[in-house]
Amino acid sequence: YYIDLQLLRFNNNFDFSFDIDKNINIENIKVPPMLIQPFVENSIEHGIKNLTDRRGKIKIKIEFNDKTLCYKIEDNGIGFEMAKNIEASMKTSDYEKQSLAVSITKDRLKLLGKKKYKESRLKIIQKKNEKGEVNGVLVKICVPYII
């Protein structure tokens, strides 16, 4: 629903897709609340909102392997370095909120790992094309499978 609202807000100027592993029963799975939403928000607000040369795309992929759920949020936006520079030039503090979202998520993943006796992981990668130009961000979050 969040993405649908953002599509309305931004006049449908980006595409999104969900790719859910066929081995995941979406009716019986429990996902920690607000785990991926901050990263989807960052993709929209900092990555694709400022695109001028291509249509924005966000892909959310959920995979299950070895009793672990992995969520991948991938966009084709401007990347976090360019977004940081834009935010700094506009003298806004929105980019600092992103850093806070990352640190809060890391803390939540540590707690989740202790509770389920398995480590959770967060990885954020600025993607580059074959020319070395930034073409988006990939966020990967892996958590213990919770039923």
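Values reported hereafter were calculated over all heavy atoms of this structure, with side chains retained and with hydrogens, waters and symmetry mates removed.
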Original post:
To the nearest 0.5 Å, how far apart are CG in Asp4 and CG in Asn12?
Top reply: 9.5 Å
Subject >> Co-members of Met34 in a cluster of I, L, V, M, F, W and Y side chains, linked at under 4.5 Å >> reply: none
**OP:** Scan residues 122-141 for pairs that pass ring-ring contact (aromatic ring centres under 6.0 Å, His included), counting only residues two or more places apart or in two chains.
**Re:** none
**OP:** Would you mind reporting whether Asn42 and Val40 have side-chain heavy atoms less than 4.5 Å apart?
**Re:** no
Subject >> Ile62 side chain reached by Asp19 side chain, heavy atoms, under 4.5 Å >> reply: no
Original post:
Can you tell me how far CZ of Arg54 sits from CG of Asn135, rounded to the nearest 0.5 angstrom?
Top reply: 6.5 Å
**OP:** Look at the side chain of Asn129 and the backbone N and O of Glu133, then say whether any donor-acceptor pair between them is shorter than 3.5 Å.
**Re:** yes
Original post:
Ile20, Ile3: one ILVMFWY side-chain cluster at the under-4.5 Å cut-off?
Top reply: yes
Original post:
Under the ring pair (Phe, Tyr, Trp, His ring centres under 6.0 Å) test, which residues partner Phe64, sequence neighbours left out?
Top reply: Tyr145
Original post:
Going through the checks in order, is the side chain to side chain contact (heavy atoms under 4.5 Å, CB included) test met by Tyr71 and Ile60?
Top reply: CA-CA 7 Å; Tyr71 304 87; Ile60 300 170; 5.8 Å; no
Subject >> Separation of Lys61 NZ from Ile73 CD1 (nearest 0.5 Å) >> reply: 13.0 Å
Original post:
How about Val143 and Thr68: do any of their side-chain heavy atoms sit closer than 4.5 Å?
Top reply: no
**OP:** Check whether any side-chain heavy atom of Ile141 sits under 4.5 Å from a side-chain heavy atom of Phe39, and report yes or no.
**Re:** yes
**OP:** Indicate yes or no: does Arg55 engage Asp15 in a salt bridge with an N to O separation below 4.0 Å.
**Re:** yes
Original post:
Hey, does Val134 have a side-chain heavy atom less than 4.5 Å from the side chain of Lys127?
Top reply: no
**OP:** Compare every heavy atom of Leu122 with every heavy atom of Lys106, then report the nearest pair and how far apart it is.
**Re:** CG-CD2, 3.7 Å
Original post:
Parallel, tilted or perpendicular for Phe14 and Phe16, by the 30°/60° rule?
Top reply: tilted
Subject >> Straight-line distance of Asn76 CG to Leu138 CG, nearest 0.5 Å >> reply: 12.5 Å
Subject >> Minimum side-chain heavy-atom gap Asn65-Asp21 below 4.5 Å >> reply: no
**OP:** May I ask you to say whether Glu74 pairs ionically with Lys57, meaning some side-chain N is under 4.0 Å from a carboxylate O?
**Re:** no
Original post:
Donor-acceptor pair, Asp75 side chain versus Val137 backbone, under 3.5 Å?
Top reply: yes
**OP:** Step by step, work out the side chain to side chain contact (heavy atoms under 4.5 Å, CB included) result for Asn50 and Ile48.
**Re:** CA-CA 5 Å; Asn50 294 308; Ile48 63 175; over 6 Å; no
Original post:
In Å, rounded to the nearest 0.5 Å, how long is the span from OG1 of Thr105 to CD1 of Ile36?
Top reply: 11.0 Å
Original post:
Lys67 versus Pro144: any side-chain heavy-atom pair under 4.5 Å?
Top reply: no
Subject >> Pair Glu45 + Arg9: basic N to acidic O under 4.0 Å >> reply: yes
Original post:
What's the spacing between Leu35 CG and Leu69 CG if we round to 0.5 Å?
Top reply: 10.0 Å
Original post:
Is there a side-chain contact between Phe18 and Lys59, using heavy atoms and a 4.5 Å cut-off?
Top reply: no
Subject >> Backbone N/O of Gly56 and side chain of Asn13: donor-acceptor pair under 3.5 Å >> reply: no
Subject >> Shared hydrophobic cluster, Phe10 / Leu7 (ILVMFWY, side-chain heavy atoms < 4.5 Å) >> reply: yes
